[in-house]
Amino acid sequence: MIAAQQTSAWLRRYRPVERPGVRLVCFAHAGGGPSAFRTWPTVLPPDVEVVGVRYPGRQDRVAEPCVERMEPMVEAVTEALAPLLDTPLVLFGHSMGAWIAYEVAQRTPVRALIVSGQVPPSRRHSSRPGSARRGDGGDLGDEALVEEVKRLGGYDAELFEDPELRDLVLPPIRADFALVRTYRPGRADLLDCPVHACYGEDDADTRAQDVDAWAEVTTGPFTAHRFPGGHFYLVDHEAALLRELSSLPAVSRV
């Protein structure tokens with residue numbers, strides 16, 4: 001088992017690297033946490049240090065209140081990353097995490113931004129008709145919230161059958177949905193770093209033309225990478241995603 005090491009209340013490293021060439025800072029989906037990236041250090045190049053962002057209200061921060069607004073979340077993560085700026089940072093965010101990573105990239109220097117399973121904020125209302133935009137479904141009741149989470153995938157359905165587990169996992173999911181629902185990006189400066197967008201070809205809420213709009217947030221290079229699968233393609237096709245990430249100049253330094 002990989003020994004987890006905490007760099008701050010907000011950050012976790014599963015395999016510290018003595019002299020990292022780059023730090024890959026990973027932001028999980030709604031309801032998720034750094035454990036989503038616990039296997040990545042064993043596959044990525046050895047000089048890549050994987051740092052998972054620890055959202056409050058879940059996993060080993062379960063006793064803390066959840067954060068339901070984007071601004072305090074971003075401010076806290078940006079402050080936590082300040083001591084790590086001795087090494088180039090690459091940010092990776094999936095779903096909700098993509099928007100948090102984007103906002104952090106507005107506030108701290110990064111070598112590259114990698115967004116996954118998400119459209120840019122400017123396209124937030126472009127989901128397929130009749131669907132609740134990922135985390136944007138309004139004040140859903142418990143049953144409707146569970147159905148929306150099941151639609152997106154990424155969670156074992158049995159979690160929601162056990163009342164105790166359900167009561168444990170629903171509050172952070174609901175808080176994260178509120179964070180996404182209330183997120184209103186301000187007038188942001190264009191980034192000057194590369195932006196890479198990854199998505200599942202069967203994700204009905206992330207259409208290729210909307211993903212391509214991430215090119216509009218930067219003056220730097222943009223690439224889009226399509227994978228088999230739906231919203232949680234990165235679980236079923238983790239090896240393919242990590243091969244792609246390892247080949248990126250910002251990560252591999254080649």
Side-chain angles (χ1 to χ4, degrees), residues 6-13 20-30 32-34 36-37 48-57 61 64-124 134-136 175-198 211 213-223 245 248-251:
Q6 181 177 319
T7 60
S8 79
W10 283 88
L11 306 174
R12 179 173 293 283
R13 293 180 293 179
V22 64
R23 287 191 171 103
L24 181 65
V25 182
C26 299
F27 299 75
H29 56 280
F37 312 103
V48 176
E49 184 171 73
V50 177
V51 180
V53 176
R54 304 171 67 226
Y55 307 139
R61 298 186 72 182
E64 301 177 45
C66 298
V67 178
E68 297 185 353
R69 295 294 184 270
M70 179 68 79
E71 185 173 347
M73 178 78 80
V74 171
E75 288 180 352
V77 176
T78 300
E79 182 178 354
L81 289 175
L84 303 185
L85 295 180
D86 60 320
T87 297
L89 302 182
V90 174
L91 308 187
F92 175 94
H94 180 67
S95 195
M96 175 191 76
W99 283 353
I100 300 175
Y102 167 68
E103 288 294 330
V104 171
Q106 291 281 339
R107 295 161 172 80
T108 198
V110 300
R111 176 179 280 179
L113 171 66
I114 306 170
V115 291
S116 169
Q118 185 60 281
V119 300
S122 63
R123 300 292 182 96
R124 65 176 298 152
R134 205 171 343 282
D136 209 13
D176 291 349
F177 272 37
L179 182 149
V180 172
R181 187 178 69 250
T182 59
Y183 170 45
R184 297 294 182 270
R187 184 173 180 178
D189 294 330
L190 288 175
L191 303 176
D192 59 4
C193 65
V195 173
H196 307 284
C198 305
V211 171
W214 278 108
E216 300 169 4
V217 307
T218 185
T219 60
F222 170 77
T223 59
L245 297 187
L248 298 175
V251 176

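When reading the values below, keep in mind they use all heavy atoms of this one structure, side chains included, and skip hydrogens, waters and symmetry mates.
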Check: [X] side chain, [Y] main-chain N or O, donor-acceptor pair, under 3.5 Å:
X      : Y      : result
Tyr183 : Pro121 : no
Arg124 : Val180 : yes
Thr218 : Leu191 : yes
Thr108 : Val104 : no
Arg54  : Ala9   : yes

* Asked: Is there a side chain to side chain contact (heavy atoms under 4.5 Å, CB included) between Arg107 and Val74 once you walk through the steps?
  -> CA-CA 9 Å; Arg107 295 161 172 80; Val74 171; 3.4 Å; yes
Would you indicate whether [X], at its atom [atom1], is surrounded by more than 12 heavy atoms from other residues, nucleotides or ligands within a distance under 6.0 Å?
X     : atom1 : value
Glu64 : CD    : yes
Glu71 : CD    : no
Asp86 : CG    : yes

* Asked: Does a side-chain heavy-atom distance below 4.5 Å link Met73 with Trp10?
  ->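 In contact.
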* Asked: Taking the six-membered ring for Trp, are Tyr102 and Trp214 parallel (under 30°), tilted (30 to 60°) or perpendicular (over 60°)?
  ->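 Perpendicular, since the angle between the ring planes exceeds 60°.
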* What are the two closest non-hydrogen atoms of Leu84 and Arg23, and how far apart are they? ->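 Nearest heavy atoms, Leu84 then Arg23: O-NH1, 3.1 Å.
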